[in-house]
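To find a chain, count down the sequence lines: A is the first, B the second, and so on, and within it residues start at 1.
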Amino acid sequence: MLLTVALRGGGARTMRVTAHSNTAALLEVFGDLRPAEAAEVVQTVCRMLRLEEDLSGFYLRAEHDPDLSWAADEDAGRILRSASAFEDVIKTICTTNCTWSATERMVEALVSELGPIAPSLSGSAPRRAFPAASVLAEQNEDFYSGVMRAGYRGQYIRAISVAVANGTVNLEELTREHPAALADREVENLLLSLPGVGPYATAHIMMMLGRFSRLVFDSWTVPKYRNLTGRHRITTKGIERRFRRYGEYAGLAFWLYLTRDWL
DNA sequence: CGTCCAGGTCTAC
DNA sequence: GGTAGACCTGGACGC
């Protein structure tokens, strides 16, 4: 696949990513790249593909579950995520209370209007990465309503971008592997305190942070679970009970159970 | 053309 | 603590 990632010093690079295994990939970057930038690109792609995520605890439990042993066999579960926690938070807000096509349109507007541009091979269209928080922070209401057409989400996105840009909130330190590793409950409370981020968005963002304890319940996952199991009256409490045996990996187990037919 | 609602959240009871 | 209404947008549907 083609990936375009931003560089800290400005600009961006596009690359072709070829899977070697579930934990290794080949990167062919278009355009020049200084050593420090190369390291940055590798780090970003590692995050996106979760090449270094340790899922052994999950596989240990999945082995004994006929519904999910396939995941252990295939070393599945490295759900693709964005280049940063900030990007995952903004994108998640863009999934709330709207259709998937609206989500795509809102994110596309952010990237095509504000994203840093990457040099491309001659003949191919220029590509952009997701814009930095500081860039989103300086946009006015006209951009969010008139260009992005985010509706009431605009003020949420702007407020979070300002908080991240001025250092009030540090989303990147919320990842499971970060040295300052907080407990899931602390991360949950912090995310819930963000404007526009409720229970659904919190559970989803935590999955993106490598924290799989919470199940993502929304108007797609719950009906999908009911259809797969034939248990049309089961509630979220019942679903949580079904996956409780997975402990800190309950959310991952639920998600893989729902999306097996995607593979 | 009006109503409903989609991979919800916030505010006000 | 639990729940009804409002909320931007736009596509799907019924009339």
* Hey, which sits more toward the 5' end of DNA chain C by its nearest nucleotide, A/N97 or A/S101? => A/N97
* So, does A/R81 use its side chain to make a donor-acceptor pair with the main chain of A/M208 at under 3.5 Å? -> yes
* Asked: What distance, rounded to whole Å, do you find between the two P atoms, one in C/dG10 and one in B/dC10?
  -> 22 Å
* Asked: How would you label the contact of A/T95 with the nucleic acid (heavy atoms, under 4.0 Å): base, sugar-phosphate, or nothing?
  -> sugar-phosphate
* To do: From the options A/Y246, A/F58, A/F217, select the one residue that forms a ring pair (Phe, Tyr, Trp, His ring centres under 6.0 Å) with A/F254.
  => A/F217
* Do the side-chain N or O atoms of A/S219 get closer than 4.0 angstrom to the phosphate oxygens (OP1, OP2) of B/dG8? -> yes
* N/O donor-acceptor pair under 3.5 Å between A/R13 side chain and A/V41 backbone -> no
* Any strand: nucleotide that pairs with C/dC8 via Watson-Crick or wobble, under 3.5 Å -> none
* Quantified in whole Å, what is the P atom distance between nucleotide C/dG5 and nucleotide B/dC4? -> 13 Å
* Is any side-chain N of the basic residue among A/K91 and A/E87 closer than 4.0 Å to the acidic one's carboxylate O? -> yes
* Asked: At under 4.0 Å between heavy atoms, what does A/Y156 touch on the DNA or RNA strands: base, sugar-phosphate, or nothing?
  -> sugar-phosphate
* **Euclidean distance for P, B/dG7 against C/dG2 (whole angstrom)** => 27 Å
* **Partner nucleotide of B/dG7 by Watson-Crick or wobble geometry (both distances under 3.5 Å)** => none
* Distance, C1' atom - from B/dA6 to C/dC8, rounded to whole angstrom -> 13 Å
* Heavy-atom check, side chain of A/M15 versus side chain of A/V5, under 4.5 Å -> yes
* Asked: Taking the same atom, P, in C/dC15 and in B/dC5, what whole-Å distance lies between them?
  -> 14 Å
* **Proximity to DNA chain C (any heavy atom under 4.0 Å), residues of residues 185-204 of chain A only** => none
* Salt bridge A/R214-A/E188, side-chain N to carboxylate O under 4.0 Å -> yes
* To do: For A/Q43, look at atom CD and say whether over 12 heavy atoms of other residues, nucleotides or ligands are found less than 6.0 Å away.
  => no
* Asked: Donor-acceptor pair, A/R105 side chain versus A/M148 backbone, under 3.5 Å?
  -> yes
* Residue-level proximity of residues 141-151 of chain A to DNA chain C when a heavy atom falls under 4.0 Å -> A/R149, A/A150, A/G151
* Asked: Are the side chain of A/D88 and the backbone of A/I205 linked by a donor-acceptor contact shorter than 3.5 Å?
  -> no
